[in-house]
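Written out below as structure tokens is the structure these notes cover.
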Amino acid sequence: MQIIDPRSGKPLTADTGSADTTAPNAEQAAVRPEDVIIELNAGNIQQVLEASMQVPVLLGCYSPSNASSSTLLAVLDKLVVEYAGAFLLGKLDIEANPEIGGQLGVRSVPDVKLISQGGLVDGFQGALPEKEVREWLNRYFPAPGEAPPTPEEQAEEALKAGDTAAAREIYQTLMGQYPEHYAYQIAFARVLVAEGRGSEAREVLDNLPPEERDAAPARGVRASIEFSEQALSAEEIAALGDRTDSEAQYQRAQRQVADGHYDDGLEALLTLMKQDRAYKDDAARKTLLQVFDALGADHPLTVAYRRKLFAMLY
């Protein structure tokens, strides 16, 4: 097939020169999938590799029988169009082309390689989520000016808006697509906590591999479960009205931690500690330490607020 540069509309050649990774401007024609996606085989792979002298080529090695390959290819198909000609996507079925896969050093799929100027620039293995693929691409190409929100961003916006059902549905989909990306299971547990389903959230966390179950993100959600069981409900917090006494401040801080707003909750606990150290036998300080333990010693909030606590005490 003839390979067309989607930015200029002209055929690509094997002439040497620097690969131009500048994103197209708004006046350039919209890129169609057939302009930037090429199914590779023994008859055209050399031509495509030569084309990398003009425009970078993202080489996606896959197997039709591999579910993770299908998941990743769907992401790459979307992004290559969105990046509007910054690179070409060459898709190689290694079941149909085992010799080429062997020559490229492909040992498992999916396997992605970035080729520019005829040489390997970088690569990754496995079905990374869209957000991580974007981050990887943005090391080498200008990010699209008006990129649509990622599923993770959509879920977080829904959660902030109180639409837990929408957030839960998105994370359930992501969990199905990326069963070994445990961050989605932890985020799903966080949604369950927001829905008042702490026991179900705890079960999700308990089923994680030990190294994930004991890491800071999962501990943070577990802290939310524990604090939500102790904290007043949102309605009870609202009933406190404009009260500024120590009890009201403490209960609001408990609720903030329970809702995962750790920075606000920690700040409120620190303020209460300054104002009324004797409240409930130093409850503010003890609760601060509980949150530190739940988040983990290396969590940025733990580091920051341990420093503030130390400064206050000494």
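Values below: all heavy atoms of this structure, side chains included; hydrogens, waters and symmetry mates excluded.
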Going by side-chain heavy atoms closer than 4.5 Å, which hydrophobic residues are tied to Val221, directly or by a chain of links?
Tyr182, Ile186, Val193, Leu205, Leu208, Ile225
Salt bridge (Lys or Arg N to Asp or Glu O under 4.0 Å) contacts touching residues 204-216 (sequence neighbours left out)
Asp206-Arg222
Given Leu89, Val55, Val81, the one that forms side chain to side chain contact (heavy atoms under 4.5 Å, CB included) with Val36:
Val81
Do Leu301 and Leu266 come close enough that some side-chain heavy atom pair is under 4.5 Å?
yes
Ignoring hydrogens and angles, tell me if any N or O in the side chain of Gln249 forms a donor-acceptor pair with the backbone of Thr244 under 3.5 Å.
yes
Shortest non-hydrogen contact from Val109 to Cys61?
CG1-O, 3.6 Å
For Glu203, is the CD atom crowded, meaning more than 12 foreign heavy atoms sit under 6.0 Å from it?
no
Got a second to check how far Lys131's NZ is from Leu174's CG, nearest 0.5 Å?
11.5 Å
Restricting to side chain to side chain donor-acceptor pair (under 3.5 Å), what partner residues turn up for Arg107, sequence neighbours left out?
none
Is there a path of hydrophobic side-chain contacts, each under 4.5 Å between heavy atoms of I, L, V, M, F, W or Y residues, that connects Val257 with Leu240?
no
Quick one: do Val133 and Val112 satisfy side-chain contact (heavy atoms from CB on, under 4.5 Å)? Show the steps, please.
CA-CA 10 Å; Val133 177; Val112 175; over 6 Å; no
How many angstroms lie between atom CD of Glu247 and atom CZ of Arg252, to the nearest 0.5 angstrom?
10.5 Å
Kindly state each residue pair satisfying ring pair (Phe, Tyr, Trp, His ring centres under 6.0 Å) with at least one member in residues 227-283, sequence neighbours excluded.
Tyr250-Tyr279
Correct closest heavy-atom pair for Leu72 and Pro110 would be CD2-CB, 3.6 Å
Residue pair Glu50, Gln46: steps toward the side-chain contact (heavy atoms from CB on, under 4.5 Å) verdict:
CA-CA 6 Å; Glu50 290 173 353; Gln46 187 59 40; 3.6 Å; yes
Tell me the closest heavy-atom pair linking Ser52 and Gly118, and the distance in Å.
OG-N, 2.9 Å
Whether Thr173 side chain and Glu169 backbone form a donor-acceptor pair below 3.5 Å:
yes
Evaluate the ring planes of His181 and Tyr184, with Trp represented by its six-membered ring, and classify them as parallel (under 30°), tilted (30 to 60°) or perpendicular (over 60°).
tilted
If only atom types and distance count, is the side chain of Asp163 paired as donor or acceptor with the main-chain N or O of Ala166 below 3.5 Å?
yes
Decide yes or no for Leu120 and Ile115: does some side-chain heavy atom of the first lie under 4.5 Å from some side-chain heavy atom of the second?
yes
Hydrophobic clusters here meaning ILVMFWY residues chained together by side-chain heavy-atom distances under 4.5 Å, can you tell me if Phe310 and Phe292 are in one?
yes
Spell out, yes or no, whether Val291 and Leu232 are grouped together once hydrophobic residues are joined by side-chain heavy atoms under 4.5 Å, including indirect joins.
no
Keeping to residues at least two apart or across chains, list the salt bridge (Lys or Arg N to Asp or Glu O under 4.0 Å) pairs with something in residues 61-81.
Asp77-Lys91, Lys78-Glu130
Within the structure provided, determine whether Glu82 and Pro148 are in side-chain contact (heavy-atom separation under 4.5 Å).
yes
Can you confirm whether Met273 sits close enough to Leu313 that some side-chain heavy atom of one is under 4.5 Å from a side-chain heavy atom of the other?
yes
Closest approach of Ser246 to Asp276 (non-hydrogen atoms, all atoms of both residues)
OG-OD2, 2.7 Å
Pairwise side-chain contact, Val31 with Tyr83, heavy-atom cut-off 4.5 Å (strictly under)
no
Quick check: are there more than 12 heavy atoms from other residues, nucleotides or ligands sitting under 6.0 Å from CD of Gln154?
yes
Pairs touching residues 288-314 that satisfy salt bridge (Lys or Arg N to Asp or Glu O under 4.0 Å), sequence neighbours left out:
Glu267-Lys308
With no hydrogens and no angle check, is any side-chain donor or acceptor of Asp245 less than 3.5 Å from a backbone partner on Ala248?
yes
Can you list everything that forms a salt bridge (charged side-chain N to carboxylate O under 4.0 Å, His left out) with Glu236? Sequence neighbours excluded, please.
none
Rounded distance [0.5 Å steps], CG in Leu295 versus OG1 in Thr302
4.5 Å
For residues 65-76, pull every pair meeting side chain to side chain donor-acceptor pair (under 3.5 Å), keeping only residues two or more places apart or in separate chains.
Ser63-Ser65, Ser65-Glu95, Asn66-Ser69
Would you call Lys286 and Gln290 a side-chain contact if the rule is heavy atoms closer than 4.5 Å?
no
Could you see if Ile237 belongs to whatever hydrophobic cluster contains Leu269? Use Ile, Leu, Val, Met, Phe, Trp, Tyr and a side-chain cutoff under 4.5 Å.
no
For Glu39 and Tyr62, the nearest pair of non-hydrogen atoms, with its separation, is OE2-OH, 2.6 Å
The reported gap from CG in Leu192 to OG in Ser224 (rounded to nearest 0.5 angstrom) is 12.0 Å
Name all residues meeting the side chain to side chain donor-acceptor pair (under 3.5 Å) criterion together with Asp282; count only those two or more places apart in sequence or in a different chain, and write none if there are none.
Arg277, Arg285
Closest heavy-atom pair, Pro151 versus Ile170, reported as atoms and distance to 0.1 Å, is O-CG2, 3.4 Å
Taking only residues at least two apart or on different chains, which pairs with a member in residues 99-126 satisfy ring pair (Phe, Tyr, Trp, His ring centres under 6.0 Å)?
Phe124-Trp136
With a 4.5 Å limit on heavy-atom distance, are the side chains of Leu58 and Leu137 in contact?
yes
Hits for side-chain contact (heavy atoms from CB on, under 4.5 Å) against Pro179, two or more places apart or cross-chain, chain-then-number order -> none
Measure the spacing between CE of Met312 and NZ of Lys274 and express it to the nearest 0.5 Å.
4.5 Å
Just by distance, do the side chain of Asn138 and the backbone of Arg134 share a donor-acceptor pair under 3.5 Å?
yes
side-chain contact (heavy atoms from CB on, under 4.5 Å) for Leu59 and Leu40? Distances and angles first, verdict last.
CA-CA 9 Å; Leu59 186 61; Leu40 299 178; 3.0 Å; yes
Dump the intermediate steps for side-chain contact (heavy atoms from CB on, under 4.5 Å) on Phe87 and Val57, then the final yes or no.
CA-CA 5 Å; Phe87 59 90; Val57 175; over 6 Å; no
Tyr305 side chain near Leu270 side chain, heavy-atom distance below 4.5 Å
yes
So, taking the atom named CZ in Arg168 and the one named CZ in Arg190, what distance separates them when rounded to the nearest 0.5 Å?
14.5 Å
Any pair with a residue in residues 224-235 that passes salt bridge (Lys or Arg N to Asp or Glu O under 4.0 Å), sequence neighbours left out, goes on the list, sorted by first then second residue, please.
Arg202-Glu229
Does the side chain of Gln103 come under 3.5 Å of the side chain of Glu99 through a donor N or O and an acceptor N or O?
no
